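Quick caveat, the model's predicted, so the values are computed rather than measured.
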Amino acid sequence: MTTNYQRLLVAIDWTSASEKALELSTMYTRENNLQLDILHVIDSSLLSFGNVDVSPSSQKIYALEQKNMHKLEGVLARALESGSSEYQTHIHLRFGDPRKVISSDFPEEYRNDLIVLGTTQKNRIQRALVGSVSSHVIKTAKCDVLSVR
């Protein structure tokens, strides 16, 4: 069975599993001349605490955004050094619920036909409390999903 993918989305969260997913996606898109969207989602639920308004200042949010964008630019630079095309490799940073952004919002906007994720790094209790992003994406995405260990 062969599927002709055109645009891949690799979601990264700075874990070793997502680094492996990124490495494989970069190699696959480079070898097959495909578009690659590299996405990091900052979980906006972590920026507040329940009903208590302890949200960080706009300066702290800006610093968080800049820190993550700097990391993404480093990822892009490594991809370009390994031979990827600057016209086919794109980085994106979003705020929101990673499960929803990765499974539906972003792929609909950019017409991704394959999502590549690293497997969850959460323990059983963490998954029970907040759920696994990869499990949610696999269950709800409208396109193909590849989970990498």
Engineer: Report yes if the side chains of L36 and S84 come closer than 4.5 Å at any heavy-atom pair, otherwise no.
Structural biologist: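 Heavy-atom side-chain distance check fails, nothing below 4.5 Å.
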
Engineer: Got a donor-acceptor contact below 3.5 angstrom from the T26 side chain to the A79 backbone?
Structural biologist: no

Engineer: Do I115 and V137 have side chains that get closer than 4.5 Å, going by heavy atoms?
Structural biologist: yes

Engineer: Which heavy atom of S134 sits nearest to which heavy atom of G118, and what is that distance?
Structural biologist: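 Between these two residues, the closest heavy atoms are CB-O, 4.0 Å.
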
Engineer: Is there a donor-acceptor pair under 3.5 Å between the side chain of D113 and the backbone N or O of R7?
Structural biologist: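 Looks like yes, one N/O pair under 3.5 Å.
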
Engineer: Over all heavy atoms of both residues, which pair between F106 and L39 is shortest? Give the atoms and the distance, please.
Structural biologist: CG-CD2, 4.0 Å

Engineer: About how many Å separate CD1 of I102 and CD1 of I12, when rounded to the nearest 0.5 Å?
Structural biologist: 10.0 Å

Engineer: State, yes or no, whether a side-chain contact exists between V10 and L8 at a heavy-atom distance under 4.5 Å.
Structural biologist: no

Engineer: Any chance the rings of H92 and Y110 have centres within less than 6.0 Å?
Structural biologist: yes

Engineer: Restricting to non-hydrogen atoms, name the atom on S18 and the atom on A11 that form the minimum distance, rounded to 0.1 Å.
Structural biologist: CB-O, 4.1 Å

Engineer: Could you state the interatomic distance from CD (Q88) to CD (E86), rounded to the nearest 0.5 Å?
Structural biologist: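 If we round to the nearest 0.5 Å, Q88:CD and E86:CD are 10.5 Å apart.
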
Engineer: Evaluate the side-chain proximity of K20 to R149: yes if any heavy-atom separation is below 4.5 Å, no if none is.
Structural biologist: no

Engineer: Where do S82 and R30 come nearest, in terms of heavy atoms and distance?
Structural biologist: OG-NH1, 2.9 Å

Engineer: Measure the spacing between CD of E23 and CZ of R78 and express it to the nearest 0.5 Å.
Structural biologist: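 Spacing of CD (E23) from CZ (R78) equals 10.0 Å.
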
Engineer: Quick one: closest heavy-atom pair of G96 and V41, and the distance?
Structural biologist: O-CG1, 3.7 Å

Engineer: Supply the atom-to-atom distance Q35 CD to T29 OG1, rounded to the nearest 0.5 angstrom.
Structural biologist: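 If we round to the nearest 0.5 Å, Q35:CD and T29:OG1 are 9.0 Å apart.
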
Engineer: Only counting residues at least two apart or in another chain, list the ones meeting side-chain contact (heavy atoms from CB on, under 4.5 Å) with K100.
Structural biologist: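 Partners of K100 by the side-chain contact (heavy atoms from CB on, under 4.5 Å) criterion, ordered by chain and then number, come out as D97, S104, D105.
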
Engineer: Could you walk me through whether V116 and L24 satisfy the side chain to side chain contact (heavy atoms under 4.5 Å, CB included) test, starting with their C-alpha distance in whole Å, then the side-chain angles of each, then the deciding distance to 0.1 Å, before giving a yes or no?
Structural biologist: CA-CA 9 Å; V116 182; L24 292 172; 5.9 Å; no

Engineer: What class does the angle between the rings of H40 and W14 fall in, given that below 30° is parallel, 30 to 60° is tilted and above 60° is perpendicular?
Structural biologist: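 Ring orientation, 0 to 90° scale: tilted.
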
Engineer: How long is the gap from CZ on R111 to CD on Q6, to the nearest 0.5 Å?
Structural biologist: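 If I round to the nearest 0.5 Å, the distance is 10.5 Å.
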
Engineer: Using a 4.5 Å cut-off on heavy atoms from C-beta on, say whether the side chain of V145 contacts that of L117.
Structural biologist: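 Yes, close enough: below the 4.5 Å cut-off.
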
Engineer: Please enumerate all residues that pass side-chain contact (heavy atoms from CB on, under 4.5 Å) together with M69, with sequence neighbours excluded.
Structural biologist: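 Checked M69 against side-chain contact (heavy atoms from CB on, under 4.5 Å); matches are L72, E73, I91, L93.
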
Engineer: Regarding N32 and Y5, do their side chains bring together a donor and an acceptor under 3.5 Å, going by distance alone?
Structural biologist: no

Engineer: How far apart are the closest heavy atoms of P98 and V133, and which atoms are they?
Structural biologist: CB-CG2, 4.1 Å

Engineer: Less than 4.5 Å apart, side chain to side chain, heavy atoms only: is that true for P107 and K142?
Structural biologist: no

Engineer: So, taking the atom named CG in D13 and the one named CG in L22, what distance separates them when rounded to the nearest 0.5 Å?
Structural biologist: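 Rounded to the nearest 0.5 Å, the CG-CG separation comes out at 11.0 Å.
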
Engineer: Excluding sequence neighbours, so at least two apart, what forms side-chain contact (heavy atoms from CB on, under 4.5 Å) with K67?
Structural biologist: K71

